[in-house]
Amino acid sequence: MPFVHPILLSALAFLAVPFILQFLINRRKVVIRWAAYEWMRQAIVVKRKRLKVTELLKLISKLLLILALALFAARPLYRAVRASRTLLVIDTTLSMGTTLEGGQRLDKAVELALRQLREAEGAVAVAAFDGHLNPVLPMGRRHGNAEAALRNLEVAPRAATPRELLQALATAPLAAAADSIIFISDFQREQYRDRELLAEFRERLGRRRQLAFLPVDDRSGLSNLGIESCHLGPEGFWPGRANRLGVRVRNYGTQPVRGLPVTLQLEEKPSDRAMLNLEPGDAKTVWLTLPTPPAPESELRIHVTIPPDLLAADNDWYAVVAPGEPLRVLAVAERDPDDPFPRDQFLRGALAAFLPNGALAYKAVTPVELVNEELAGYDLLLTVGTRFGERDRIGEKIRAYLAGGGALLAFADPAVPTTFAGLGIPQLQPPPKAAAAEPATPDPQRLRGGYLEFMQFGDLNPTLIHFRQRAGIPVPAAEARLAVTGLAAPLMASRSGPGGGRMVLAGFLPLPGHTDFFYNPNFVLVMMQAAWEALGRDVLRGYAGDGDVAIPLAGSGAPTTLYTLRGGRGEQARAELVARGSQTAIRLPPFREAAWCSIYADQERIGGFGYNLTRQDSAVEPAQGADWAPARQAGIVVASGGGAARGAARGEALWLAMSLLLAAAGLEGYAHLWRKR
Amino acid sequence: MAADWTRYFDAKTVTLLASIGFKPGGRVEGNLVGNHRSPFHGFAVEFAGHRGYAPGDDLKHLDWKAYYKTRKYLVKQYEQETNLIAQVLVDVSESMLFEYEHGRRIDYAAFVATALSQVITAQSDRVGVALFDNQVRAMIPPTGGQEIVAKIADTLDATAKKEPTAIGKVLLLLAESFRRRGVVFIISDFFADIGSTLDGVRRLRHDRHEVVLIHLLDPLELNFQIPGRVRLLELEGPGKLDVVGAEIKDSYQTQFDAYLAEFKRRAIGLGADYIRCDLGRPFGHHLAEYLARRARQG
């Protein structure tokens, strides 16, 4: 019979202890010269048989007790003997890269698997699990190359759920051939509490097949922080400005963190830093300043870092800023010969304020001229009081522009309720007559999620802005971007255009007599948000490999072109083209290392992106103690508490030891009762 | 020498016991005038009654006053007062050498014998002592002097104690030698055959002796309180037993209690007094209780 710790069988030497004790006790007896000898002799005659049985029972109970303890410590492998075909599954998902005893969890898992291989008597196969079951060693009794094969295993750059494990085990032929499956993993705490799922393990894998969990890590209170994501502020990215970069950091550990430095490196040079306090389980966004030159010639490489901890994979975030071409804007507004100011005056001023020279190509036309204008060359269409009919040519032209992915920022004349009729808004919603004479101000209760949300902080006062002539855009609440008092419908809304594209619609004119909004210093910021939302540009390219991520591909994405992706360690993969809306995109393969990567069309580099390993595995706290109750209730053997033991043996050894202990206790009790009789 | 002869003499206890005194349960025979009623009616001090004249009676004992009243020849009778002769029989067999936490049994017996002798001689009675095992080893003739204390001590020390007990046989033997009825104290552990022992007691009782059995037992014998392993070496034989106290205690006690109960029942049935002396208690307590009880009973 094999044992997990055969060396502990030496504890059987303690079987001699009862005999030695018996000898010593007999030696240490009291000697008395006894007068009432006859009566003592008679008492012994009566008790002799009973005494002998009692002594024997006591001795047996002591021997059983020692035998039980020795066997429990050595852990015999009954089922391992019976299990003639065992499948060892080693978890290689990202969390197995967590630091452990100077190495990684995966190193420990490999050690455990090698021990299983050495001690197994039946046939054993080994597979690695990274979301899929990857065969490492075929089913067999002797594996000469086992050590080399196992030590070559690497942590995969992806996460996987227990359900994926179940799916893999239930469908893989390798698993179907095994009558015992041992899964060696770190068993993240949050993932193995689902009773129904664990019961499903038993159901789908078969109740007669043994399933054992062998944890590699039983530490508690682990500290791990990770960068969840990086994103631009709602005002977007504008070259030449100090743009805002939001970094979302989560504390996955169980201890609070104070003064965590979050550092931004631009082109590998420190650029900005902020400090963060995080309670256990909390996630907070810290804003860093991302300065960019007015006219960047190429992509900017961004690297955000926090100090390394147990799982280093989520301590860095790589991204690329691709500002693209200068913004091409076409403004459409009536020209009034009597008005010295063009109607797009304030919008043009705002655009010029947040876009430096050379970054803005601006052209203004009248609605009549628009009919003859080729719109495909413009990034953003800006209209002031232009009416989009359902059947007129302007409406048709705008709809075609939007269907091609165009962006529209349109201001309506409240006096013409059908201004946006050709854009799916049949009628604007006028204010109630009683309130129409009074100017409206932004509704402080409805700032959240809108363009004026920033004005709810600090000394800013949104009620200083007045709208005299206004009309609401009747859209769902999710599309509202600016709400004013007295109007149920929002004054500004963002929604998808007919056939595609993005449009931001406003129910007022940015002209004197209509509103004083353009005098407000924050008008520029609101216009930045509106324009950025309408443009919808994918400027910040930093992706986590959390599944199906696709990068929009500039140009046509011609199927004859060979697109390739190159990763940080020189990894190279052929790009898979996928449709993303009306555009073509490239699906990312799972690279093994977070880094800046490049996209090549044939041999020409056409862009870059930042690849980051998945964050789904960042909760590295392993299950322990009561966390295992659902698994045990599901009939899964769990070798918790040290992890080095063999899961298959633990439960059985426990039963064996308990049985022997009960037998010993029973015998002792029976002996006691016998004595009393 | 003075230190030797008082080694079994506890003056304080003896003083206490003497104040209670020993009162015989019935009539005693003696050859000296004493404190106790004699079984013989004679012509001494106290008038006891009349009886009819019988030929041969001395005429001087005729009660003429009674003749004048009754016209019958009546002879005056007087109660003769005499002294008590007590015999203290001390078992000196090997079992009396038992010793655990309360000293040797034979020493306790010596104290009891000395105290009883002192109490009896203090009330002008006489006491004799006999030491026996399976035969009489030594005898101290009845005496009323204080020298009995020293004699007991010396005789006890001079007597070898290595023979088994045969109380019954010894009592039969001694009964032959006791010419006058009296009180016989038997101080022993009585670890012998009950039937044989009581045969001897029966003989003494037949001779109208008052018999007092003083049964000396160690607390360990009464209640086997050693829980662990014990090797018991037989005192009056070559045997040895290995026992575990906790295991054998109940069974032993059952056996021993049955023996004690039977011995006491049968002894009392023969008209003997029975005193069980626990060696864990001072001998004076046991004797005081016994003497006081006798005094109350009159």
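Any value given below was found using the heavy atoms of this structure, including those in side chains, with hydrogens, waters and symmetry copies removed. We name chains A, B, ... by the order of the sequence lines, and we start the count at 1 in each one.
Look at R33(A) and E94(B) and you find a salt bridge, because one of the NZ, NE, NH1 or NH2 atoms lies within 4.0 Å of a carboxylate O, short of that distance.
Heavy atoms of I226(B) lying under 4.5 Å from chain A belong exclusively to its side chain. Both the backbone and the side chain of V230(B) come within less than 4.5 Å of a heavy atom of chain A.
Of the listed residues D218(B), D189(B), L220(B), the one with more heavy-atom pairs under 4.5 angstrom with chain A than any other is L220(B).
Rounding to the nearest 0.5 Å places CE of M40(A) at 12.5 Å from CD of E234(B). To the nearest 0.5 angstrom, E38(A) atom CD is 11.5 Å from E236(B) atom CD. Here the straight-line distance linking atom CG of L235(B) with atom CD1 of I32(A) works out to 10.5 Å at 0.5 Å rounding. The CZ atom of F224(B) sits 5.0 Å away from the CH2 atom of W34(A) when rounded to the nearest 0.5 Å.
Taking the six-membered ring where tryptophan is involved, the planes of F256(B) and W39(A) are perpendicular, since the angle between them exceeds 60° and thus also 30°.
Around atom NZ of K249(B), more than 12 heavy atoms belonging to other residues, nucleotides or ligands sit under 6.0 Å away.
Contact record, R105(B) with A35(A): NH2-CB, 3.1 Å, taken as the closest heavy-atom pair.
Between L241(B) and R41(A), some side-chain heavy-atom pair lies under the 4.5 Å cut-off.
Judged by distance alone, with hydrogens and angles left aside, the side-chain atoms of Y37(A) form a donor-acceptor pair with the main-chain N or O of K240(B) at under 3.5 Å.
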